[in-house]
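Everything quoted here is computed from the prediction, not taken from an experiment.
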Amino acid sequence: MASGSGVETHTVQGAVRGRTEEQLAVFRGIPYARPPVGELRFAAPQPPPAWDGVREAVEFGPPPPQSGPFRAPGDIPGTDWLTLNVWTPDPGGSGLPVLVWIPGGGYVSGATNDPLYDAAHIARHGLVVVTVNYRVGAEGLAQLAGAPANRALLDQIAALEWVRQNIARFGGNPDRVTLCGQSAGAGSIATLLAAPLTAGLFRRAITQSVPGLYVTPALAKDVAQTFAARLGAAPTAASLAAIAPQRLAEEVDVLMAGLPAHVDRWGRLARSGVPFCPVVDGDLVPDVPWRSLRDGRASEVGLLTGHTRDEFRPFLVLSGGLEKITEEDATTALRTFAPAPDGERAYRAAHPGASAAALFDLVHADALFRVPSLHLADAHSAGGGTAHLYELCWPAPALGGALGAAHGLDAQLLFGNYSAPAARLLFGEDPPPAEALALAEDIRRSWASFAAHGDPGWPAYRVTDGRLTRLLDAEVSTAPYPHDASRRIWEGHGVEPFDLP
């Protein structure tokens, strides 16, 4: 393939023309569903229309309306939010394993036009890589009368159905699909593992930093009612459809900023910083995955899951809050997030002499990311599935290492795009050190091997074998799970959905 030349292939809807970029064929902005606007606002995704001729596929589609501090950069006009992109090393071939990336962003942001998610480095390991846009925030997850719940997840399922129908035309094997995502993307994948509608759509799953963020229908309705009332609307699809999408996204920012005022009614959700997340609706989401997977419903799907060592640290440091944590703050956090009835005592006993900031950081990291990831491996293994567990230990170099092995660092190493704005938050302005480049290459090899063969290069996670965990550091090793004190504190306690009091 000559670099910069056009390359064409056919989808079910029509022909698309991408271009070659450094020996890869890249197709951007391919619709997998109709734009969810007008009569389709807040509806389940609908198949895209067919087109005549050849559709140009060289530019990213517009991101869904974004909220929060980490929204997708750039301003791409349009409402064709439900698009995907494909990187393939062999568009005319067949049988390559496929990696489908679901971006994270706290369920309120995240889009594939972020330069962080250029998938060229991953595709060069012999994978067809697909990155997916889906509705976030109120568009994708607000619980509204007259609209299906969990529209964000329905979008992701529609994208997987597109992959099933079309990926062979890009050199991929539809029977060798691996879902991969970080943070909210990982939470989405954990949910899809247990969703009845996804049977047969993917063979393996990689979940990086699974968040313990789910809500009951009662709490989801209460949040939606409060949100709509602020806009002078009712919590219905018809009422909110009269409000411009960008105006809705702006109001999500206001709701996020005001979450602490709702602690008495919304409890842990108000302290999580996230107003919208998957709803345990008993249908698409029958239960939290930590229970659902124990019945073996996804035992045929291989799982690679893990977390970073210092999941919550960047939220504290970058907000300037680390030095401001008081003993009262630590006590409130422990009583909010540690498992009842004696979680606070257990944390203090396990970490005698720990500062208020250290305890605050620790219980947030455990409750929001580390324990959900660990328990996902436990549940999948208990249900007869094969799981592999990792922890990223290598610290981000920005701010003299103050961010630690930060939330999101594993995704940045996987993609290897260190000049992206999001990457500079953790890497700073200097070129990445040689040990980072080596570790990133090790991660890509492991993820590619797992996608291809189900084996990332270390033993499967088993309770009877000491819960062996891959420790991703300057020197990679395998050892028993490193946070045994936290594991013991949470033993016998589930990661439950947030609910009204």
cation_pi(Arg268, Phe498) dist<6.0 Å, angle<=45:
no
Using the benzene-type ring in the case of Trp, are the ring centres of Tyr418 and Phe427 under 6.0 Å apart?
yes
Report the relative orientation of the aromatic rings in His364 and Phe312; use parallel for angles under 30°, tilted for 30 to 60°, perpendicular for over 60°.
parallel
Decide whether Asn133 and Thr112 meet the rule of one side-chain donor and one side-chain acceptor closer than 3.5 Å.
yes
Side chains of Asp410 and Tyr390: any donor to acceptor distance under 3.5 Å?
yes
Under the 3.5 angstrom rule, does the side chain of Arg55 hit a backbone N or O of Gly14 as a donor-acceptor pair?
no
If we count only N and O atoms by modelled type, under 3.5 Å, do the side chains of Thr332 and Asp329 hold a donor and an acceptor together?
no
Has the side chain of Trp51 got a donor or acceptor atom that lies under 3.5 Å from a matching backbone atom of Ala15?
yes
Under 3.5 Å donor-acceptor, Asn166 side chain and Val12 backbone
yes
Using only heavy-atom distances, determine whether the side chains of Asp253 and Ser67 contain a donor-acceptor pair under 3.5 Å.
no
Are any side-chain N or O atoms of Trp290 and backbone N or O atoms of Ala379, one a donor and one an acceptor, separated by less than 3.5 Å?
no
If the condition is salt bridge (Lys or Arg N to Asp or Glu O under 4.0 Å), which residues does Glu344 pass it with, not counting sequence neighbours?
Arg335, Arg348
Side-chain donor-acceptor pair present, His388, Thr305, cut-off under 3.5 Å
no
When you compare the side chains of Asp366 and Ser486, does any donor N or O come within less than 3.5 Å of an acceptor on the partner?
yes
Please report the C-alpha distance between Glu311 and Ser209 in whole Å, then the side-chain angles of each, then the deciding distance to 0.1 Å, and finally whether the side chain to side chain donor-acceptor pair (under 3.5 Å) criterion is met.
CA-CA 8 Å; Glu311 287 280 4; Ser209 300; 2.5 Å; yes
Should the ring pair Phe369 and Phe315 be called parallel, tilted or perpendicular, given that the plane angle runs from 0 to 90° and is split at 30 and 60?
parallel
If only atom types and distance count, is the side chain of Asn85 paired as donor or acceptor with the main-chain N or O of Gly29 below 3.5 Å?
yes
Considering only residues two or more places apart or on different chains, which pairs with a residue in residues 129-185 satisfy ring pair (Phe, Tyr, Trp, His ring centres under 6.0 Å)?
Phe27-Phe170, Trp162-Phe170
Any side-chain heavy atom of Pro62 sitting closer than 4.5 Å to one from Thr79?
no
Between Arg19 and Arg28, is there a side-chain heavy-atom distance shorter than 4.5 Å?
yes
